[in-house]
Amino acid sequence: MSREPGLPALLAEARDQAAVLAEILDLLFLAAEGLGDTPGAALARGAMLARDRLDHLRALLRDTRPPP
């Protein structure tokens, strides 16, 4: 019998995936800075903007409490 995961498990998985994505964005930012010039600056800016959005998402996930 297959059971769908409950809300606490889904929230934990979402937090884990957000942490992995944060690490990837940090690496992308560092690589983009190493490129220099306009393309590197554009990639670094995109990584920073994505990280800001991810930080907002992580805050929302932290504030989400499963029902009792």
Side-chain angles (χ1 to χ4, degrees):
M1 174 187 265
S2 170
R3 286 186 46 187
E4 289 189 30
L7 184 57
L10 292 173
L11 287 172
E13 176 66 18
R15 289 182 189 109
D16 289 346
Q17 293 300 318
V20 170
L21 185 54
E23 290 182 23
I24 293 169
L25 288 172
D26 288 345
L27 291 172
L28 178 61
F29 177 79
L30 290 174
E33 279 197 325
L35 289 176
D37 289 334
T38 304
L43 283 172
R45 179 165 168 69
M48 287 187 333
L49 290 172
R51 183 61 194 261
D52 287 344
R53 300 299 300 200
L54 179 61
D55 289 342
H56 181 69
L57 175 62
R58 291 171 88 178
L60 291 173
L61 288 170
R62 266 193 312 273
D63 291 341
T64 303
R65 304 275 191 271

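- Looking only at side-chain heavy atoms (C-beta outward), L49 and R45 come within less than 4.5 Å of each other.
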With a 3.5 Å cut-off and sequence neighbours excluded, list the donor-acceptor pairs that the side chains of residues 26-43 form with protein atoms.
unit_1 : atom_1 : unit_2 : atom_2 : d
D26    : OD1    : R51    : NH1    : 2.5
D26    : OD2    : R51    : NH1    : 2.9

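- Residues satisfying the side-chain contact (heavy atoms from CB on, under 4.5 Å) test with L57, not counting sequence neighbours, are L54, L61.
- Closest of all the heavy-atom pairs between R58 and A22 is NH1-CB, 3.5 Å.
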